[in-house]
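See below for the structure under consideration.
Residues: numbered from 1 along the sequence shown.
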Amino acid sequence: EELNLRLPDGEPLPLVVHRTDAGRERFVYAAPLTVALDRLSLREGQGMGLIPREAYASHPIVPIHREILERFFEGR
């Protein structure tokens, strides 16, 4: 939704994380990126980038988002 990305109809997306903390329920799904990065429109977020798995640990990432990334990469 935030990226103005339309996913094709078909199989459900795999659930990466489902958790509730601080009164907020989070559902995070994974999907392949099938369009060029410059076709995405960042709306509400503070920043966006594609970085390799080995490099994300050196970036300032919100702790819950870092945990989500770790879970995503563990499942790959």
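- Side-chain contact between D21 and R26 is present, with at least one heavy-atom pair separated by less than 4.5 Å.
- Side-chain contact between R19 and E25: absent, with no pair of heavy atoms (C-beta onward) separated by less than 4.5 Å.
- For V28 against L15, the heavy-atom pair with the smallest separation is O-CD1, 3.5 Å.
- How far CZ of F73 is from CD1 of I68: 12.5 Å, rounded to the nearest 0.5 Å.
- Interatomic distance, CD1 of I51 versus CG of L69, reported as 7.5 Å (0.5 Å rounding).
- Considering CD1 of I64 and CZ of R24, their distance stands at 10.0 Å, rounded to 0.5 Å.
- Between the CD atom of E70 and the OH atom of Y56 there is a distance of 4.0 Å, given to the nearest 0.5 Å.
- Between the OG1 atom of T34 and the CZ atom of R39 there is a distance of 9.0 Å, given to the nearest 0.5 Å.
- Pairing each heavy atom of S58 with each of A55, the nearest pair is OG-O, 2.9 Å.
- Taking both residues in full, the closest heavy atoms of Y29 and L13 are given as CD2-O, 3.6 Å, listed atom of the first, atom of the second, then distance.
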